[in-house]
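Small disclaimer: the values here were computed from a predicted structure and weren't measured. As a basis for the values below, the full set of heavy atoms in this structure was taken, side chains included, without hydrogen atoms, waters or symmetry mates.
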Amino acid sequence: MDFFDALCHAFSTVAIGGFSTYDLSIGHFNSTKIELVAIVFMFLAGVNFSLHFYTSRNLSIRHYGKDPEFKAYAFMLLMLSATVICALSAFSIYSNPADNLINGVFQAVSIATTTGFTTANYSAWPGALPVLLILASFVGGSAGSTAGGIKVIRCVLIAKQGLREIIR
């Protein structure tokens, strides 16, 4: 990736725009290293920016572990990625298990955070995987991030309120 492409993709990743300088998006580069870097920064861009500010100001990452929205966001992406990887492995979509891992995590994080980068034709994946990925994009990322969706904190509050009403 040259400097111009790196700059454009960096801005698009942090802003969760998903815009690429190529029609094939990140898949144009066919590089696992680029995909891994994009996964990390898509995940970080979906986190509340006030948590990043607090972390940089206090030089401690402990605040991430205490935030209920971050825990729910990380858990959602972890479970979504695990589901996608297991389904890709079960249906033998890719011959190499590492391809199942990379493509599963990349598409799960990209779509759930509403970034929109692609490396694979996930619409041709089996079963309900494409529907599951699109439903995950309705949740989006954390409040205070550039991610779309209704935000994780609202889903957490709805779940807590619903549980409280059931108990009551």
Do [X] and [Y] sit in one hydrophobic cluster, given that two such residues count as connected whenever their side-chain heavy atoms are within less than 4.5 Å of each other, even indirectly?
X    : Y    : answer
I134 : L80  : yes
L132 : V105 : no
V156 : M76  : yes
L133 : V131 : yes
L77  : F75  : no

When rounded to the nearest 0.5 angstrom, what distance separates [atom1] in [X] from [atom2] in [Y]?
X    : Y    : atom1 : atom2 : value
L163 : E165 : CG    : CD    : 10.0 Å
Q161 : I166 : CD    : CD1   : 10.5 Å
L51  : E69  : CG    : CD    : 7.5 Å

Identify the residue among T115, T113, T114 that makes a side chain to side chain contact (heavy atoms under 4.5 Å, CB included) with S137. T114
Cut-off 3.5 Å, side chains only: do T118 and Q107 have a donor facing an acceptor? no
Using distance alone, with no hydrogens and no angle criterion, decide if T21 and D5 have a side-chain donor and acceptor under 3.5 Å apart. yes
Is it the case that atom [atom1] in [X] sees more than 12 heavy atoms from other parts of the structure closer than 6.0 Å?
X   : atom1 : value
N96 : CG    : yes
F11 : CZ    : no
F19 : CZ    : no
I61 : CD1   : no

Validation row: [X], [Y] side chains within 4.5 angstrom (heavy atoms):
X   : Y    : value
V47 : Y64  : yes
N48 : S145 : no
L88 : L129 : yes

Closest approach of [X] to [Y] (non-hydrogen atoms, all atoms of both residues):
X    : Y    : result
N100 : I85  : O-CG1, 3.9 Å
A147 : G46  : CB-CA, 4.4 Å
G18  : S12  : N-OG, 3.0 Å
P126 : I93  : CD-CD1, 3.6 Å
V152 : G140 : CG2-O, 4.0 Å
I150 : C155 : CD1-SG, 3.6 Å

Residue pairs involving residues 105-155 (criterion ring pair (Phe, Tyr, Trp, His ring centres under 6.0 Å); sequence neighbours excluded): H9-F117
Intermediate values then yes/no, side chain to side chain contact (heavy atoms under 4.5 Å, CB included), T146 and V14: CA-CA 8 Å; T146 56; V14 172; 6.0 Å; no
Between side-chain atoms of residues 26-45 and protein atoms elsewhere (two or more places apart, or another chain), which donor-acceptor pairs fall under 3.5 Å?
{"from": "S31", "atom 1": "OG", "to": "K33", "atom 2": "N", "distance (Å)": "3.4"}
{"from": "S31", "atom 1": "OG", "to": "I34", "atom 2": "N", "distance (Å)": "3.3"}

Could you work out, with side chain to side chain contact (heavy atoms under 4.5 Å, CB included) as the rule, every residue matching N58, not counting sequence neighbours? Y54
S81 side chain to L78 main-chain N or O, any donor-acceptor pair under 3.5 Å? no
Is it true that a side-chain atom of R168 and a backbone atom of R164 form a donor plus acceptor pair closer than 3.5 Å? no
